[in-house]
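Here's the structure we're looking at; comments come further down.
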Amino acid sequence: MMIDAVLFYVFAAIAVASAVVVIGQRNPMYSAFALVVTLCSVAVIFGLLGSPFIAVLQVIVYAGAIMVLFLFVLMLLNVKREKDSPSRGQRTLSGVALALVTVLVLQAGAVLLRSRPTPAPDYDASTFEMAKILFSPHFLYAFEATSILILAALVGAVVLAKKEL
Amino acid sequence: MSGELDLRPLVPAIIVGVTGLVVLLAQAFTPKDRRAPSAPLSLTGLLAALAAVWLLASGGGRGAVLANAVSADAYSLFFQALLLGIAAVAVLLSPSYLRANGLDRGEYYALLLFSVVGMLGLVSSLELVSMFVALEIMSIALYGMAGLYRSRMESQEAALKYFVTGAFSSAFFLYGVALLYGVSGSTSLDRLEWAVSTLTTDSAALALLGAGMLLVGFGFKIASVPFHMWAPDVYEGAPTPATALMSAGVKAAAFGALLRVFGSALHALAGEWQPLVASLAVITMVVGNLAALAQGNLKRMLAFSSVAHAGYVLTALVASPGQAGEAVLFYLVVYGAVNLGAFGTIAALSREGREPLSLGDVAGMAERRPALAAALAVFLVSLTGIPVTAGFVGKFYLFNAAVTAGWVGLALVGVLMSVVSAYYYLRVVVAMYMRDPLGEDTWARVSPSATVALALSAVITLVLGIYPAPVLTLARIAARSLL
């Protein structure tokens, strides 16, 4: 238990710190790499919460596939370092202020709703159990319909991006 | 876990989806110098799906299947028939418009069919994750359609705006689903219904927050104020037949899901969400109508009018459950026919990248195109809600439902705002009939398929205004299956 708590605080701190780096960096490439660190730290927290499947998905899908896509786009478009602008410091300040307000509102909400965080009941979050739910008839429609969703997105992207069809 | 795998309720959606694939393939295998038969293929698919809905309905319909994820009850069959009809009319309007604007591509029809798959799923889902996936299919296909007119700045703006606000609203919807899952431990609507009827004070706030988030998500899709900012720009920038589909189809599908979630699954919380929806209805009617007054562009005027009409439908939703269901269903049929007709008239006259968008463009239309001017006049009079057209009967039932449920003030605002709306609708009619034409008639001859579409819309508008009983009966049966 103790080690869990220590790990949680360490990785939560890393996640928050690298998230700050994401928005604080002027070079978009560094921002992207900092985002990888954030996503991986969040994956560790999922692991600590007893959801190894989500943790692995987080790494494969977000830190892996989506970040590679980001980096490709950054390299293809050759995005330059952000230029200095006078309002930069102001923007950072307002960002921090907004984050603080959000945390306060969420805390106030939690207090007002009198919701006591209760530990989740013991449940089996193994890949096998996840698959059993995901591929059950309950989600069959959603699962199959997702293929149409992806196809529609693909056709839409081609229609919008291709020069001459 | 139930092992029943009955795919019959999904047959209409499967037919439409497969037709979308066929349209894509036909496009790929057609030689460059020839035109793929996309529109006839799409129309055939939609009519086949309509026949499948008819067969399902004559088989008595079916309750929930696929472990309570999807249903083919009377309610979803009613909506599916309506949506397929709307899509078929939109397809009829498309070929001449696309050709006149150099947009004739098979992908347009494929995206249209995919968006219809999403709409069909939206109205038949009994489960929030399926509902979300269907909502996304519908929206993503429409983002592509909105941006089809790439040479025009407005179309690009429309696609981007629609995409960003749409993604934003999806996030709200999903957050709402997550919170309601937290309340009920399940994403299916019947479990949710059971959970909200046995709420403890602790989870009541959570359920309300979730319901509120869902309402915001739906609010974007039905374009109710204050979530309507995208509507005028998107309606203006998108190709006009796509706009017709958006205003008629998306609104019907989104209201179909909204009524199922709020009127049925969350009705135990009605005391809490009714005032919220009532205030949404009031500001939507007021802002939509007042903004429409100021529009010089016909497409933008119709866009704000469709915002206002979302407000009229919301007034009846407040009264649900009860008489509201049939009023909403009937009104969506009326509204679909009328809006397809109004946008269709603009689309049918489009030529060489231009379409009649100002009052000057339609001035003296009655002299040159008597039939077309008469049809547009019928649609506009129906939108105003003047007797003998379907719009009057529809509004009568909407406001009647609100009054019966004790929301007299709400109905009063609706009636007052309808009077305001007469100014901007009838202004167009006056221009068509009383003013002299400006310059030469350079608009396109209306193509045969567009003529069929417009005639169909006009006939439905008039018939429902004089003899609404059959459709009302169907709407009543459909609404009953929700309770």
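Residue numbers begin at 1 in each chain, while the letters A, B, ... track the order of the sequences.
- Proximity to chain A among residues 109-125 of chain B is limited to B:Leu111, B:Phe114, B:Val117, B:Gly121, B:Ser125, judged by heavy-atom separations below 4.5 angstrom.
- For B:Ile140, the part lying near chain A is the side chain, with the backbone staying farther off; criterion is any non-hydrogen pair under 4.5 Å.
- Here the closest non-hydrogen pair linking A:Ala15 and A:Val42 is CB-CG2, 4.4 Å.
- When every heavy atom of B:Gln80 is checked against every heavy atom of B:Pro12, the shortest pair comes out as OE1-CG, 3.7 Å.
- Residues B:Gly249 and B:Leu83 share a closest heavy-atom pair of O-CD2, 3.5 Å.
- Here the side chain of B:Arg260 pairs no donor or acceptor atom with the backbone of B:Ala265 at under 3.5 angstrom.
- Judged by distance alone, the side chain of B:Ser76 and the main-chain N or O of B:Ser71 form a donor-acceptor pair under 3.5 Å.
- Looking only at distances, a side-chain donor or acceptor of B:Ser155 sits under 3.5 Å from a matching main-chain atom of B:Ala146.
- Between B:Arg152 and B:Glu154 there is a salt bridge, with a side-chain nitrogen of the basic residue lying less than 4.0 Å from a carboxylate oxygen of the acidic one.
- The contact between B:Glu136 and chain A is made by backbone and side chain atoms together, counting heavy-atom distances below 4.5 Å.
- Scanning all heavy atoms of the two residues, the minimum distance from B:Ala238 to B:Met246 falls at CB-CE, 3.8 Å.
- Rounding to the nearest 0.5 Å gives a distance of 13.0 Å between NZ of B:Lys161 and CD of B:Gln156.
- Contact between B:Ala253 and B:Met138 at its shortest, heavy atoms only, is CB-SD, 4.2 Å.
- Of all heavy-atom pairs spanning B:Leu128 and B:Phe173, the tightest one is O-CE2, 4.3 Å.
- Residues of residues 143-155 of chain A having a heavy atom under 4.5 Å from any heavy atom of chain B, listed by number: A:Ala145, A:Thr146, A:Ile148, A:Leu149, A:Leu151, A:Ala152, A:Ala153, A:Val155.
- At a 4.5 Å heavy-atom cutoff, B:Leu142 makes no contact with chain A through either its backbone or its side chain.
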